[in-house]
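Position 1 is the first residue of the sequence, and the numbers go up from there. Source: prediction; values computed, not measured.
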Amino acid sequence: MKILVTGSTGLLGSALLNQLTISEYKVKLTSRSKPENTGPFEWVYSDLLSGEGIEEAVKGVDVIIHAATSPVKNSEIVEVSGFEEFLRKMQHIKHFIYPSIVGINEIPLKYYKQKYEAEDLLKNSSIPYTIVRATQFHNFVENLFLSKPLFKRYIIPGNIKFQSVDVSEFAKHLIGLVDKGPQGRTDDFGGPDIMPLREMAELKIKINNETNKVLSFSLPGELYKSFMDGKNTNDNQRMGKITFVDYLRNKMD
């Protein structure tokens with residue numbers, strides 16, 4: 001069985017590469033730029049924007065783990081129209097594994113709506129698939145909200161909360177789905193704790209012995225309310241074991 005990992009230079013793609021180096025699977029990697037270390041794996045160029053290299057990338061593979069994504073730039077093409085063209089080139093694929101995001105059907109973000117549309121494209125195709133949604137990665141939450149204090153303050157939007165999860169645990173989970181075969185839409189993969197962002201900021205300050213403070217303020221609108229209401233979490237699927245505290249401490253080692 002041969003696995004293709006798309007988006008092999010991204011956060012999830014890199015985590016998948018690390019996990020697969022200790023597996024017995026045959027693996028092909030594809031992305032627009034070549035990973036710094038491909039290990040023992042074959043890499044081929046492909047671009048969902050132009051469609052270039054796609055046929056070569058999917059040739060000879062049985063399973064695809066689709067880690068390619070573009071939340072900011074050209075997201076409509078990468079997530080929807082380019083993805084639709086991508087699906088047309090893989091009628092031979094035995095199992096297409098699509099990592100998605102918890103809450104995309106309830107959170108009014110353009111990127112989330114596009115991911116939800118991509119799920120429908122996959123469901124309505126003839127390709128055997130597994131869709132698994134994860135909560136936000138620890139890295140993502142820290143980089144987006146807790147990376148650059150302003151005037152020694154972490155600026156926090158009210159009481160929004162996250163159930164962040166370790167990207168390596170999710171990568172391992174995705175690889176574990178390969179031999180199980182197509183599952184359709186399967187259980188979400190959530191982090192071990194549901195925590196207000198303010199508390200996450202305070203934990204970072206404590207663990208890193210920072211002098212920063214936390215300043216929070218409420219925001220209007222449905223987007224803010226959806227995060228306040230925990231639409232990005234799933235209390236029933238605390239699958240991950242590595243906590244946000246573990247993540248912060250591991251970064252210091």
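Other residues, nucleotides and ligands place more than 12 heavy atoms under 6.0 Å from the CG atom of Asn208. Crowding of Phe151 atom CZ: a count of heavy atoms from other residues, nucleotides or ligands under 6.0 Å not exceeding 12. Atom CZ of Arg32 sits in a sparse spot, with 12 or fewer heavy atoms from other residues, nucleotides or ligands closer than 6.0 Å. Counting heavy-atom neighbours within 6.0 Å of Lys34 NZ, excluding the residue itself, gives a total of 12 or less. Lys123 NZ: more than 12 foreign heavy atoms inside a 6.0 Å radius.
A donor-acceptor pair shorter than 3.5 Å cannot be found between the side chains of Glu76 and Ser81. Side chains of Lys161 and Thr233: a donor-acceptor N/O pair is absent below 3.5 angstrom, by distance only. Residues Thr243 and Asp246 have side chains that bring a donor and an acceptor to within less than 3.5 angstrom of each other. With 3.5 Å as the limit, one finds no donor-acceptor pair spanning the side chains of Gln183 and Tyr129. Checked by atom type, the side-chain pair Arg133/Asn105 shows a donor-acceptor distance below 3.5 Å. Using modelled atom types, one finds a donor on one side chain and an acceptor on the other under 3.5 Å when comparing Thr69 with Glu79. Side-chain contact, Glu119 with Ser100: a donor N or O sits under 3.5 Å from an acceptor N or O. Side chains of Tyr154 and Glu210: a donor-acceptor N/O pair is present below 3.5 angstrom, by distance only.
The only option from Thr135, Ile107, Asn232, Val165 that meets the side chain to side chain contact (heavy atoms under 4.5 Å, CB included) definition with Val102 turns out to be Thr135. For the salt bridge (charged side-chain N to carboxylate O under 4.0 Å, His left out) with Lys89, the lone residue among Glu84, Glu56, Glu55 that qualifies is Glu55. If you run ring pair (Phe, Tyr, Trp, His ring centres under 6.0 Å) between Phe145 and each of Phe162, Phe244, Phe227, only Phe162 comes through.
Heavy-atom minimum distance, Phe86 versus Val58: CE1-CG1, 3.7 Å. The two atoms that bring Pro128 and Ile93 nearest to each other are CD-O, 3.6 Å, heavy atoms only. The minimum heavy-atom distance linking Leu16 with Ala171 is given by the pair CD2-O, 3.6 Å. Smallest separation of non-hydrogen atoms from Thr9 and Ser31: CG2-OG, 3.7 Å. Of all heavy-atom pairs spanning Leu122 and Phe96, the tightest one is CD2-CD2, 3.7 Å.
Between the CG atom of Asp166 and the NZ atom of Lys172 there is a distance of 11.0 Å, given to the nearest 0.5 Å. For the atom pair Leu17 CG and Thr38 OG1, the distance stands at 7.5 Å (nearest 0.5 Å). Rounding to the nearest 0.5 angstrom, the gap separating the OG atom in Ser218 from the CD1 atom in Ile156 is 12.5 Å. One distance of note links CG of Asn212 with CD1 of Ile205; it measures 5.5 Å at 0.5 Å rounding. Taking CE from Met252 and CD1 from Ile207, the interatomic distance works out to 8.0 Å, rounded to the nearest 0.5 Å.
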Should Tyr98 and Lys115 be marked as a side-chain hydrogen bond (donor to acceptor under 3.5 Å, both in side chains) after you check the CA-CA gap, both sets of side-chain angles, and the distance that decides it?
CA-CA 10 Å; Tyr98 185 77; Lys115 294 290 285 186; 3.2 Å; yes

Verdict with supporting geometry, Glu142 and Leu248, side-chain contact (heavy atoms from CB on, under 4.5 Å):
CA-CA 9 Å; Glu142 183 187 21; Leu248 292 173; 4.1 Å; yes

Before giving the answer on side-chain hydrogen bond (donor to acceptor under 3.5 Å, both in side chains), spell out for Tyr25 and Asp179 the whole-Å C-alpha distance, their side-chain angles and the decisive distance to 0.1 Å.
CA-CA 11 Å; Tyr25 293 116; Asp179 288 335; 2.7 Å; yes

For a side-chain hydrogen bond (donor to acceptor under 3.5 Å, both in side chains) check, start with the C-alpha distance between Ser46 and Glu52, then their side-chain angles and the critical distance, and finish with the verdict.
CA-CA 6 Å; Ser46 67; Glu52 185 180 355; over 6 Å; no

Quick one: do Thr211 and Lys152 satisfy side-chain contact (heavy atoms from CB on, under 4.5 Å)? Show the steps, please.
CA-CA 7 Å; Thr211 58; Lys152 300 189 76 65; 2.9 Å; yes

Set out, in order, the CA-CA distance, both residues' side-chain angles and the distance that settles side-chain contact (heavy atoms from CB on, under 4.5 Å) for Leu48 and His66, then state yes or no.
CA-CA 11 Å; Leu48 284 171; His66 187 58; 3.8 Å; yes

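Between Phe137 and Phe170, the ring planes are tilted. Angles from 30° to 60° get that label.
With contacts defined as side-chain heavy-atom distances shorter than 4.5 Å, the pair Ile3/Lys28 does not qualify. Put simply, the side chain of Leu20 reaches to within 4.5 Å of the side chain of Ser23, judged on heavy atoms. In this structure, the side chains of Leu197 and Pro157 come closer than 4.5 Å at one or more pairs of heavy atoms.
Cluster membership for Val132 and Ile175, using ILVMFWY side-chain heavy atoms within less than 4.5 angstrom, is shared. No continuous path of hydrophobic side-chain contacts links Val80 to Tyr116 [ILVMFWY only; heavy atoms under 4.5 Å].
Under the 3.5 Å distance criterion, the side-chain polar atoms of Asn37 are matched with a main-chain donor or acceptor of Gly39.
Between Glu222 and Lys225 no salt bridge is recorded (no basic side-chain N to carboxylate O distance below 4.0 Å). Between Lys241 and Glu169 there is no salt bridge, since no side-chain N of the basic residue sits under 4.0 Å from a carboxylate O of the acidic one. Between Glu202 and Arg198 there is a salt bridge, with a side-chain nitrogen of the basic residue lying less than 4.0 Å from a carboxylate oxygen of the acidic one.
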